[in-house]
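Residue numbers run from 1 in the order of the sequence given. Here the structure is a predicted model, which is why all the values come from computation and not from measurement. We use all heavy atoms of the structure for the numbers below, so side chains are in, but hydrogens, waters and symmetry mates are not.
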Amino acid sequence: MATQVRLITMSRGSSSTLDQPDDIQAEVYVSGSGKFCLSLHGRELSEIPTEVFSMEELNCLFLGNNGITHIPRDIRKLTKVQVLAIQDNQLPRLQPSMFHLRAMKVLEVSGNQLTEIPPDIGSLQQLNQLYANRNSLSCLPDEVCTLLQLEVLGLNDNQLTSLPAGIRNLTKMKILGLDNNRLERVPKGICELDELIKLGLSGNGLQHLPAEMENLTSLRELLLNDNDIQYLPVQLYWLESLEELALSNNQLKSLSPQIGRLKELRILGLNSNHLEVLPNEICELSYLETLGLDSNRLKALPDHMASLVNLKELYIG
């Protein structure tokens, strides 16, 4: 399952068309945190209404799920915008004027037609969350690695083959989504992000995992489904904060007895591998709730499976 990195937005009921400027003014609301917000989500807009650019007090602008193909230069007038969500439109590029919004903390541009992120992204030094899932990105500019406040980076469903070496500088990163790209190895810079809580690498071309992953001591979710991984380095079993380990549809033939060290595991996905036997130590995972073993070569299960008293779902066949 791909890592789901989503922006949670607020919206309010309204008509599906905007005929007059007053209609837009009526859509402005104050969020629970006191921010002035405008939601024009899902209005079949082909462009951003010009009236929006006179609302210089706006803090949040939601424009998702329209048919917008261009961001006008006038967007630079919205200097107080902290959240700009323009996902699921038809943008072929990000305009330089966007990067004058120096107060921006959240930028959501998923589901467009982007082939690159401009180096100007480095101007957004307050950026905390960047979502660019479901585009056609083949690389990232080095300037992304200067966004030292970044905690969430969503790059699922692109065409990335590597990451800049400077990714190691993003030491506040907590969630990194790289599912369904073209990575053949785990960029070692990722292994220095010791505050990472969730790492998605499913659906790439990974065959091996680096020993340096042992540094990811805060990691709770590690998603590695749909790769070509043949074995797990012993260091992976040292990530004792892991709650979910997803390894379905790989080439695993065995697991180390050290899997018993992953005492916090709730979800362990091992469907569609080549496992012939499970180590007895898997029965020491007392918090385990979901265990996927379907489509392997198992002839028997460990004798003490009954000790997994919290197990709610067992997939085997």
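Scanning for side chain to side chain contact (heavy atoms under 4.5 Å, CB included) contacts around Glu195 gives Lys174, with sequence neighbours left out. Contacts of Glu264 classified as side chain to side chain donor-acceptor pair (under 3.5 Å), with partners at least two apart in sequence or in another chain: Arg266. Here Arg182 pairs with Gln159, Thr161 under the side chain to side chain contact (heavy atoms under 4.5 Å, CB included) rule; sequence neighbours left out. Under the side chain to side chain donor-acceptor pair (under 3.5 Å) criterion, Gln149 pairs with Lys172, not counting sequence neighbours. For Phe53, there are no ring-ring contact (aromatic ring centres under 6.0 Å, His included) partners, not counting sequence neighbours. In this structure, the side chain to side chain contact (heavy atoms under 4.5 Å, CB included) partners of Glu212, at least two apart in sequence or on a different chain, are Lys188, Cys191, Pro210, Asn215. Scanning for side chain to side chain donor-acceptor pair (under 3.5 Å) contacts around Tyr231 gives an empty result, with sequence neighbours left out. Under the rule for a side chain to side chain contact (heavy atoms under 4.5 Å, CB included), the partners of Arg76 that lie at least two apart in sequence or sit in another chain are Arg73, Ser97, His100.
By the 4.5 Å heavy-atom criterion applied to side chains, Asn204 and Asp226 are not counted as neighbours. Glu108 is not listed as a side-chain neighbour of Leu84, based on a closest heavy-atom distance of 4.5 Å or more. For the pair Lys35/Gln82, a side-chain contact is recorded, criterion being any heavy-atom separation below 4.5 Å from C-beta on. Two residues are said to be in side-chain contact when any heavy atoms from C-beta on lie closer than 4.5 Å; Leu209 and Leu224 meet this criterion. In this structure, Val109 and Asn89 have side chains that are not in contact, with every pair of non-hydrogen atoms separated by 4.5 Å or more. At a threshold of 4.5 Å between non-hydrogen side-chain atoms, the residues Leu232 and Leu247 count as touching. Side-chain contact between Leu130 and Leu150: present, with at least one pair of heavy atoms (C-beta onward) separated by less than 4.5 Å. Side-chain contact between Pro302 and Ile282 is present, with heavy atoms from C-beta onward closer than 4.5 Å.
Pairs engaging residues 239-261 under the salt bridge (Lys or Arg N to Asp or Glu O under 4.0 Å) rule: Glu240-Arg261 [sequence neighbours left out]. Residue pairs meeting the ring pair (Phe, Tyr, Trp, His ring centres under 6.0 Å) criterion with at least one partner in residues 289-313, sequence neighbours excluded, do not occur; the list is empty. For the side chain to side chain donor-acceptor pair (under 3.5 Å) condition, the pairs that include at least one residue of residues 279-298, sequence neighbours left out, are Lys263-Glu284, His274-Arg297.
Put simply, Leu275 and Leu288 are part of the same group of oily side chains (I, L, V, M, F, W, Y) that touch within less than 4.5 Å, one to the next. When hydrophobic clusters are built by joining Ile, Leu, Val, Met, Phe, Trp and Tyr residues whose side-chain heavy atoms come closer than 4.5 Å, directly or via intermediates, Leu239 is not grouped with Ile267. There is no path of hydrophobic side-chain contacts, each under 4.5 Å, that joins Val277 to Ile259. Side-chain heavy atoms closer than 4.5 Å link hydrophobic residues (I, L, V, M, F, W, Y) into clusters, and following such links, even through other members, never connects Ile197 to Met213.
Atom CD of residue Gln235 and atom CG of residue Leu216 lie 11.5 Å apart, to the nearest 0.5 angstrom. Here CG of Asn112 is found 9.0 Å from CD1 of Ile68. Values are rounded to the nearest 0.5 Å. Rounding to the nearest 0.5 Å places CD1 of Ile86 at 4.5 Å from CG of Leu91. Here Met55 contributes atom CE and Phe36 contributes atom CZ; the two are 12.0 Å apart, rounded to the nearest 0.5 Å. The NE2 atom of His41 sits 4.5 Å away from the CG atom of Asn65 when rounded to the nearest 0.5 Å. The CG atom of Asn59 sits 10.0 Å away from the NZ atom of Lys105 when rounded to the nearest 0.5 Å.
The two residues Arg43 and Asn66 have their closest heavy-atom pair at N-OD1, 2.8 Å. Residues Gln126 and Arg102 share a closest heavy-atom pair of CG-O, 3.6 Å. Residues Ile167 and Leu193 share a closest heavy-atom pair of O-CD2, 3.4 Å. Contact detail for Leu265 and Leu285: the closest heavy-atom pair is CD1-CD1, 4.0 Å. Across every non-hydrogen atom of Leu147 and Gln125, the tightest pair is CD2-NE2, 3.9 Å. Between Pro92 and Thr69, the shortest heavy-atom distance links the atoms CD-O, 3.3 Å.
Side-chain atoms of Asn227 come within 3.5 Å of backbone N or O of Leu201 as a donor-acceptor pair. Using modelled atom types, no side-chain atom of Asn158 and backbone atom of Thr115 make a donor-acceptor pair closer than 3.5 Å. Listed for the Ser218 side chain is no donor-acceptor partner under 3.5 Å among the backbone atoms of Leu196. Distance alone, capped at 3.5 Å, places no donor-acceptor pair between the Ser136 side chain and the Gln113 backbone. A donor-acceptor pair is defined here as one N or O able to donate and one able to accept, closer than 3.5 Å; no such pair exists between the side chain of Asp228 and the backbone of Gln207.
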Please tabulate, for side-chain N and O atoms in residues 116-124, each donor-acceptor pair with protein atoms closer than 3.5 Å (sequence neighbours left out).
from	atom 1	to	atom 2	distance (Å)
Ser123	OG	Asp120	O	3.2

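Residue Glu184 qualifies as open at atom CD: its count of foreign heavy atoms under 6.0 Å is 12 or below.
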Given the rule in the side chain to side chain contact (heavy atoms under 4.5 Å, CB included) test, do Thr217 and Trp238 qualify, once you have shown the distances and angles that lead to the verdict?
CA-CA 8 Å; Thr217 54; Trp238 300 351; over 6 Å; no
Report the C-alpha separation of Leu314 and Leu293 in whole Å, then their side-chain angles, then the decisive distance to 0.1 Å, and conclude whether the side chain to side chain contact (heavy atoms under 4.5 Å, CB included) test is met.
CA-CA 7 Å; Leu314 174 62; Leu293 298 170; 4.1 Å; yes
Quick one: do Leu153 and Ile175 satisfy side chain to side chain contact (heavy atoms under 4.5 Å, CB included)? Show the steps, please.
CA-CA 6 Å; Leu153 179 56; Ile175 300 176; over 6 Å; no
For the pair Thr50 and Asp74, evaluate side chain to side chain contact (heavy atoms under 4.5 Å, CB included) and give the outcome as yes or no after the intermediate values.
CA-CA 8 Å; Thr50 56; Asp74 281 348; over 6 Å; no
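For Tyr315 and Glu313, the side-chain atoms include at least one donor-acceptor pair closer than 3.5 Å. Side-chain atoms of Asn249 and Asn225 include no donor-acceptor pair closer than 3.5 Å. A donor-acceptor contact closer than 3.5 angstrom links the side chains of Tyr131 and Gln129.
Among Asn133, Asn180, Asn181, the single residue meeting the side-chain hydrogen bond (donor to acceptor under 3.5 Å, both in side chains) criterion with Asp157 is Asn180.
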